[in-house]
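This report concerns only the one structure given below.
Atoms within a ligand are numbered from 1 in the order they appear, just like the ligands themselves.
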Amino acid sequence: MALVNTKKMLADAYKGGYAIGAFNINNMEIIQAITEAASELRSPVILQVSAGARKYAKGAYLKALADAAVKDANIDLALHLDHGADFDICKACIDDGFTSVMIDGSHLSFEDNIAVTKKVCEYAHERNVTVEGELGQLAGIEDDVNVSAENAHYTDPAQVEEFVNKTGVDSLAIAIGTSHGAYKFKGEAMLRFDILEEVSRRLPGFPIVLHGASSVIPEYVKIINENGGNLGDAKGVPEDMLRKAASMAVCKINIDSDIRLAFTAGIRQTMRAKPEVFDPRTYLTVSRDNVRSLVAHKIKNVLGSDHKLD
Ligand code: G3H
Ligand code: 13P
Ligand code: ZN
C-alpha cells in the first residue's frame with residue numbers, strides 16, 4: 001500500500017458514477033478518523049492539505065502522518081495540495097512526496113492561469129504527480145483570502161477545452177454556485193447544473209472537481225450552538241445536490257467545513273458536560289469519533305464510493 005496519485009481514482013469514479021471525497025487534514029485525529037472510515041468501508045479517499053494546514057501543522061508532520069495512515073489503514077491514499085497559490089508551493093509539495101497538487105490560478109487572467117498551470121503540470125507529470133486546475137471563482141474564505149460574492153463568478157464553459165488542452169491538467173475545479181466556509185447560501189440553495197452539463201459535454205470523460213461542498217450538517221451546528229457556540233445562519237449544500245453532482249462528471253468533492261463542525265461539536269459538548277475534564281484525549285476522542293462517523297456517512301450516503309477498492 002502507498003501514497004498514490006489521483007489518476008486512476010478519478011477515472012474509476014467517472015466510469016462508476018460516484019465521487020471521491022477529498023477531506024482537509026490539519027492534525028493526527030482528523031487523519032485517523034478519515035482513513036479509518038475509508039478503510040472500514042473499502043473506499044478510495046484523498047487527504048488534502050491547504051497552505052494554512054502546512055503552516056499550522058508543518059508539512060513534514062502531515063506527510064509523516066499520511067505515511068503512517070497508509071500503513072495503519074492498509075489502503076492506498078492520495079496526498080494532495082489544496083489551493084496551491086503558485087508554482088513554488090506546488091513544487092515544494094511535490095518535492096516533499098505529495099502525490100497530487102492543485103494549482104489555483106483562478107484569480108489570474110485566463111492566459112496567466114494557463115501559463116502557471118502548464119508549468120506545474122510539466123514539473124508534476126515528470127514525477128508521476130497529478131494536477132488539478134481551476135476556472136471560475138468561488139465565493140468564501142480560503143487561507144485569509146476572502147472572495148466576496150460580487151467578485152465570485154461562475155466558470156465559463158466556452159473556456160474549458162482550451163484550458164485543458166493547453167495546460168495538460170488532469171482534473172478541473174469549476175464554480176457552479178458553491179462557496180467555501182459554513183455560510184454558503186442566503187436563501188434557497190441553488191447550483192448551476194446547466195454549467196456542469198455543458199462543461200462535461202465539452203470535456204467527455206474528464207474529471208470535474210467541486211469545491212465548497214460541505215453540507216454544514218445541522219446536527220453539529222445545533223450541538224455547537226447549544227454548548228456555547230454562535231454560528232448564526234450557517235447553511236451548506238444539500239446532500240441530494242451533491243449526490244446528483246457525483247452521478248454526473250464530478251469525481252472529486254472537497255469537504256473541510258463539515259469536519260471542522262464535527263470536531264468542534266465534540267470538544268464543546270464534552271467540555272460542557274464534563275467541566276472537570278482537562279485531559280485533551282477525553283474530548284479529542286469524541287471529536288475523532290464524530291469525524292469518523294461524518295466521513296463514513298459521506299462515503300456511504302453522498303459520495304457512493306464505498307466498496308470501490310474491492
Ligand atoms: O478551501 C479552503 C479549505 O477549507 C482550507 O481552509 O485555508 O483555512 O485551511 P484553510
Ligand atoms: P467547504 O468549506 O465547503 O468544506 O469546502 C472545502 C474546500 O473546498 C477545500 O478546498
Ligand atoms: Zn476549495
Is it the case that K298 and S215 place a side-chain donor and acceptor less than 3.5 Å from each other?
yes
May I ask which of H180, R54, H211 has a heavy atom nearer to atom 1 (O) of ligand 1 than the others do?
H180
Counting heavy atoms under 4.0 Å, the part of H83 that contacts ligand 1 is side chain
Which atom, counting only N, O or S, brings H83 closest to the Zn ion (ligand 3)?
NE2
Heavy-atom contacts with D82 under 4.0 Å: which atoms of ligand 1 show up? List them by number with element.
1 (O), 3 (C)
Under 4.0 Å between heavy atoms, the region of R260 that gets near ligand 1 turns out to be side chain
At less than 3.5 Å, what protein N or O atoms come close to the N or O atoms of ligand 2? Include the distances to 0.1 Å.
residue	atom	partner	partner atom	Å
ligand 2	2 (O)	G181	N	2.9
ligand 2	2 (O)	S257	OG	2.7
ligand 2	3 (O)	K184	NZ	2.5
ligand 2	3 (O)	A213	N	3.1
ligand 2	3 (O)	S214	N	3.0
ligand 2	4 (O)	S214	OG	2.6
ligand 2	4 (O)	D256	N	2.7
ligand 2	4 (O)	S257	N	2.7
ligand 2	5 (O)	G212	N	3.3
ligand 2	8 (O)	H180	NE2	3.1
ligand 2	8 (O)	H211	ND1	3.4
ligand 2	8 (O)	G212	N	2.8
ligand 2	10 (O)	D82	OD1	2.9
ligand 2	10 (O)	D82	OD2	2.7
ligand 2	10 (O)	H83	NE2	3.2
ligand 2	10 (O)	H211	ND1	3.1
ligand 2	10 (O)	N254	ND2	3.1

Residue F193 excluded, over 12 heavy atoms near CZ under 6.0 Å:
yes
Heavy-atom contact under 4.0 Å between K55 and ligand 1?
no
Please identify which atoms of ligand 1 are closer than 4.0 Å to at least one heavy atom of D256.
3 (C), 4 (O), 5 (C), 6 (O)
Between N24 and ligand 1, is there a nitrogen or oxygen pair with a distance under 3.5 Å?
no
Verdict with supporting geometry, E122 and K119, salt bridge (charged side-chain N to carboxylate O under 4.0 Å, His left out)
CA-CA 5 Å; E122 284 166 358; K119 187 174 172 193; over 6 Å; no
Give every residue pair that meets the side chain to side chain donor-acceptor pair (under 3.5 Å) criterion with at least one member in residues 30-49, sequence neighbours excluded.
N24-Q48, Q32-R288, E36-R292, R42-D310, S43-S305, Q48-K252
With a 4.0 Å cut-off on N to O distance, would you call K63 and D67 a salt bridge?
yes
Looking at ligand 1, does any of its N/O atoms fall within less than 3.5 Å of an N/O of N26?
no
Any atoms of ligand 1 less than 4.0 Å from a non-hydrogen atom of S50? List them with their elements.
5 (C), 7 (O), 9 (O), 10 (P)
Quick check for you: with the Zn ion (ligand 3) as the vertex, what angle do NE2 of H180 and ND1 of H211 span, to 10°?
130°
Does Y56 OH have over 12 foreign heavy atoms under 6.0 Å away?
no
